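Working notes, structure below.
Below, chain A is the first sequence line, B the second, and so on; all start at residue 1. What you are looking at is a predicted structure, and each value in this text was computed from that prediction instead of being measured.
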Amino acid sequence: MELTYIKAINSALHEEMQRDENVFVMGEDVGELGGAFKATEGLLEAFGEERVIDTPISEALIIGAGIGAAVLGMRPVLEMQFADFISCAFDQIVNSAATLRYRHGGRAQCPIVVRAPSGAGIHGALFHSQNPEAWFTRVPGLKVVAPATAYDAKGLLKSAIRDNNPVIYFEHKRLYRSVKENLPEGDFTVPIGVAELRKEGADLSVITYGGTLAPALDAAKIVEKEDRLSVEVLDLRTLLPLDREAILATARKTGKVLIVHEDRLTGGIGGEVAAIICEHAFEYLDAPVRRLAALDTHTAFSPPLEEVILPNTNKIVDAIRNLAAY
Amino acid sequence: MELTYIKAINSALHEEMQRDENVFVMGEDVGELGGAFKATEGLLEAFGEERVIDTPISEALIIGAGIGAAVLGMRPVLEMQFADFISCAFDQIVNSAATLRYRHGGRAQCPIVVRAPSGAGIHGALFHSQNPEAWFTRVPGLKVVAPATAYDAKGLLKSAIRDNNPVIYFEHKRLYRSVKENLPEGDFTVPIGVAELRKEGADLSVITYGGTLAPALDAAKIVEKEDRLSVEVLDLRTLLPLDREAILATARKTGKVLIVHEDRLTGGIGGEVAAIICEHAFEYLDAPVRRLAALDTHTAFSPPLEEVILPNTNKIVDAIRNLAAY
Amino acid sequence: MAQPEGARVATEPAARVEQELQLYYWMKLIRAFEERVSRLHRQNKIFGGVYSGAGQEAIVAGVCAPLRDGDFVAPLHRDLGVFLVRGVDPGRLMAQLMGKETGLSRGKDSFLHGGDLERGIFGSTSMLGSSLPIAVGAALKFKMKREKNIAVAFFGEGASSRGDVHEAMNFAGVQKLPVLFVCENNRYAYSTPLEKQMAIEDVADRAEAYGFRGHVVSGNDLLAVLEVTERVVAKIRNGEGPALIECKTYRYRGHSEHDAALYRDQEELIEWQSRDPIPGYELFLEKKGHDLKRVREQIDERTQKVVQAAVEYAEQSPFPKPEEALEDLFAPALAAAPKK
Amino acid sequence: MAQPEGARVATEPAARVEQELQLYYWMKLIRAFEERVSRLHRQNKIFGGVYSGAGQEAIVAGVCAPLRDGDFVAPLHRDLGVFLVRGVDPGRLMAQLMGKETGLSRGKDSFLHGGDLERGIFGSTSMLGSSLPIAVGAALKFKMKREKNIAVAFFGEGASSRGDVHEAMNFAGVQKLPVLFVCENNRYAYSTPLEKQMAIEDVADRAEAYGFRGHVVSGNDLLAVLEVTERVVAKIRNGEGPALIECKTYRYRGHSEHDAALYRDQEELIEWQSRDPIPGYELFLEKKGHDLKRVREQIDERTQKVVQAAVEYAEQSPFPKPEEALEDLFAPALAAAPKK
Ligand SMILES: Cc1ncc(C[n+]2csc(CCOP(=O)(O)OP(=O)(O)O)c2C)c(N)n1
Ligand SMILES: Cc1ncc(C[n+]2csc(CCOP(=O)(O)OP(=O)(O)O)c2C)c(N)n1
Ligand SMILES: [Mg+2]
Ligand SMILES: [Mg+2]
């Protein structure tokens, strides 16, 4: 069945709520409205007000209450209306949730999923375009995923819901309706912690995730055709824990790595990935590990600014050519 | 005059409040108590209740109100009682403050200083040991400093107060009374954005800051004596913006770099530093860039756990020897 | 109330008469401007999030009228009117919405996030409620500097559920700060009705829990809003501490231009539209002896002209240049500091 | 009140008499345990932050007594007594404070941050107020699952200024959740006196702003705390929604063991020490006909034994092994998921 990325999310929620009566969703406008992006559409009708809970505008409460329910065995899926507002629940995530099991000496668990619609390129400006993933990828006790395909959106959400640990699930708004895919019928999951090789190649590796997977694949096709460059594209999918094996395998194979993400350069996850490669695949490198990312500023509103700030296919093509020529 | 690190902070506050009547301090227990660590001791007596404001336990309010006063020309110095609680004010810092000038098209400014007592090694456990700097070093519009000496503690705090932008000032609790120094009389500042070479060397560079500067210097001395290794030690001092020139200069000079910080490995600022070096000093590297940092977990309480989690002189010595032997 | 109609305009002070008309002009200008914004949004000339304040004009006009230069105002996302009433050039405001170089934020941010501090307007972030601590900080500055200004923070009943609102009000109460909190209670936060947001009826009841007074007023009644604001603001300026005014109102359009608001009852909308602030105020003008027909024509003509000119100005304004993306991030540090 | 003394013990149900003594034992045990903790802290056997609840024992005992298995309690940093009253082994608790392997958190975290969910005790973070949303979530679970349990969240008057507290109470009110909020108002947050924390006198006044009832009680009067809690808890269990009980009390020692509390007036301390909950309750026991001298001796002996045994257990317990630093971070994921 062909499903968009957002429908894939929606169907994962339906199926998991069906499968396990301890799964419930909570957030702003998730009920009758079905969420600002319709991710929770139909859930209210199917599962009722007790399992599809509209909250006041209280992000810290949403996460905190989710934690309280989770330690008692529930599996809440908590929606931030936009990932940008996760800053308002920051303490609950990085302190209450991430340390919960540790400070209970392993005798408690916190199976919450935080769904965070993130990403730019939709004229969302400073507060509806953020890619906050790297705030969380430095927090032990959390898992962080960022699907780029409809298949992964569904499969990773299912894994996140079934995981006994807090998982931050970044879904990219620009992909909601632009990405469509034939998904298998029936239950399937995508494992957390496993990257996916989207394209094999020999000359150079692009490592990316989320909103920049599609432009990276486009760029790979362009340089393949125009420059006869064979480019490998690795989709990280999970950002914490990183799939170090897959990262190092592609780096060792091609010796030239370009890391691409829509998040800003400085402090983006690319730094961590580059550091891992430079430490553990040093002898294999034929060129410096390069990063292409959003400029080190906020995601401005006006189209010419947004355009120059964000990475895109052309910029990736240029970066690939540059690196290949090293 | 010999001053401890905490006294250096205190004297910077006194002098800046004397110098500029728009400077004021605000936070929990900063008045009569003089702050949990006595950083604001004597300020109430000298400047009165209007400029030394005890607040309720409301971290978001502390930062937010500071911002409101700052856009109208004040220069608030805002104290988080422990850096750990900065998570409760996260949104105000990363959204309200960091984007303020940008979203006002350059026609406003936000000269706040957030003082955040951070760092481990004092049996502070999960919530009184955090090193949260890397949450902020990925936020455009902020500056982030982390002094390691009494001189820098004073000089950087003065620069931060005089800076027209929001500055997050991480002071390391373990250094408060363990670090003492003769400071010059009279006014001096330390520029934001400039790293300091603490020790010259030829064989290998250690790049560090804050709580791990002293152990790094100790380690450098040990390997110099015992292994005849000449180690260069660079103290970053400012974490945003990084002093790229200084970082690249030492990397190019020695060709072997060990980055050390007390913050955790994954997502710590070391990844960014390593990535910069690997991209821009690639040809000069004789070995992989290595990182030594806290283990990827929370800072546990029990002494054997804290010990194994945190970096220390011995671990740095080992890492230097390993890298030198590469 | 028994004076002969038609006679008043002549006998009252000119300033009062002028203010009466000015208030009318503002409400009409806000409505006309926002209608045009909706249209431009449908035409893809304005993009991103656009939030209409249609139906709530009396609040903005009535609260801002008694304010002075130097007062600090933090509007909510629906308060485009604040910009107009406080004297922001309509052309620059329209340019702001279109992401143009001449906009308040020079194209950096969208809609109302670009402030104009020269006119005492703070550009809030999207994070609802987060501007209240900031307004409180502005008030703190006024108190510290013995300035007779006040700070005003607008917020929706939805935002009232945020922790920041609590922290801000509590501190304002402790410090007796010159700040006015204005809650625009339009009964919905996006799709979420009042009863899912709070177990009480009046947000104003919260004020007493912070040690100051809360007032409830019909937000669709300009005179009522004006009257209570004038009274309350005078007290605040006088050093009597903060206050809260809750304005009961209703949002005509969807939450944003993207929202068809199907979750609402049509009856409810009609009921509230029959409380429209503009006809109500027109009745007042008539009773006060104004020639309503003429006044309305004149003012409609004027608002249309102003809006049209604003659109033209904005459309003719250039977009920012790409290299400006990295500008406006940092203010110059004060002094070049000597190195150790 | 005019019944002959000494006769009651015989005529009342044995369970009641037992509870009376049990409550006394708890208060005495908490005090003895905490005194020992202070001493061990001075001897450097317990390190890190240690916060004494001396003077506030009646609150913990009176609130926890009516609770049942399956109820969820989030204590504040001063509520060591919650652990004892809810049946945590004193030895394990002491081991927790010493960072030992046998402690609740296996040495991972300090003081009261290690919870014991088997006994319904949540280990809170240090971030004051952040446990209230969590308790509310526990209550949400009870409601969803039609369980007759309740959640209890303790917090200081200082923590009441945090945004999380507001968000939690508001949502609890909206959803009519089975949660009891207990404010231990000891007039200081660290060094900050009440009047710098809030412009009102009673935190309980906030409850109504969230649509439920607030009760004020002397927190140094065990019987009063018990009485109001029993009454309120019965209602909450009955589905009548949340409630707040504010217990007026005083902290005897400094904020933490590091704090000499020089900012306080000695007179104030003496005044409050004269309201000590233990002698007050002893008077009650006497009036009820217990042989106080004997009871006191027995119970002192028992608490000393228990505390001594706890210390010995904790001291003999090993520290965790270094490699355990990386344990307990993640729970095993439920199912091994097949790869695409
Ligand atoms: C902290 C935060 N959470 C969620 C949102 C998304 N959001 C934008 S407006 C809105 C509803 C606001 O309701 P209210 O405060 O009543 O103002 P109104 O739109 O009704 O004028 C929501 C949920 C936001 N902007 N900020
Ligand atoms: C969010 C947060 N800010 C600051 C602190 C530091 N702190 C620990 S206890 C305390 C005072 C608490 O006062 P109160 O809530 O009244 O409880 P009490 O200590 O009086 O029992 C403070 C400020 C903290 N733990 N958490
Ligand atoms: Mg509303
Ligand atoms: Mg207190």
Side-chain angles (χ1 to χ4, degrees), chain C residues 127-134 136 139-140 143 155-177 179 181 183 185 189 192-214 216 240-244 246, chain D residues 127-134 136 139-140 143 155-177 179 181 183 185 189 192-214 216 240-244 246:
Chain C
M127 288 67 189
L128 293 169
S130 72
S131 58
L132 273 75
I134 292 167
V136 163
L140 184 66
K143 186 183 166 203
F155 65 108
E157 90 294 341
S160 77
S161 303
R162 283 273 343 277
D164 282 28
V165 171
H166 172 71
E167 297 193 2
M169 289 192 185
N170 182 50
F171 185 69
V174 171
Q175 293 274 341
K176 277 189 153 270
L177 296 179
V179 56
F181 300 107
C183 179
N185 184 343
T192 307
L194 207 53
E195 63 272 18
K196 288 192 173 173
Q197 299 184 53
M198 59 191 75
I200 56 172
E201 186 59 32
D202 298 331
V203 175
D205 286 351
R206 300 244 162 101
E208 277 182 34
Y210 303 115
F212 51 87
R213 271 207 59 189
V216 177
E240 295 181 30
L244 189 158
E246 175 178 7
Chain D
M127 288 65 190
L128 294 170
S130 72
S131 58
L132 273 75
I134 291 167
V136 163
L140 183 67
K143 187 184 166 203
F155 64 109
E157 90 295 340
S160 78
S161 302
R162 282 272 345 275
D164 281 27
V165 171
H166 171 71
E167 297 193 3
M169 290 193 183
N170 183 51
F171 185 69
V174 171
Q175 294 273 340
K176 277 189 154 271
L177 297 178
V179 55
F181 301 107
C183 180
N185 184 344
T192 308
L194 208 54
E195 63 273 18
K196 287 192 174 173
Q197 298 184 54
M198 59 191 76
I200 56 173
E201 185 58 30
D202 297 331
V203 175
D205 286 352
R206 299 245 163 100
E208 277 181 35
Y210 303 114
F212 51 88
R213 271 207 58 189
V216 177
E240 296 181 33
L244 189 159
E246 176 179 7

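- For a heavy-atom cut-off of 4.5 Å, chain C lies close to Asn170(D), Gly173(D), Val174(D) in residues 169-177 of chain D.
- When the salt bridge (charged side-chain N to carboxylate O under 4.0 Å, His left out) test is applied to Glu201(D), the partners found at least two apart in sequence or on another chain are Arg187(D).
- Every residue two or more places apart in sequence or in another chain that forms a ring-ring contact (aromatic ring centres under 6.0 Å, His included) with Phe181(D) is listed here: Phe212(D).
- When the salt bridge (charged side-chain N to carboxylate O under 4.0 Å, His left out) test is applied to Asp205(C), no partner is found at least two apart in sequence or on another chain.
- In this structure, Arg162(C) and His166(D) approach most closely via the heavy-atom pair O-CD2, 3.4 Å.
- Among all heavy-atom pairs drawn from Gly211(D) and Ala199(C), the shortest one is CA-CB, 4.0 Å.
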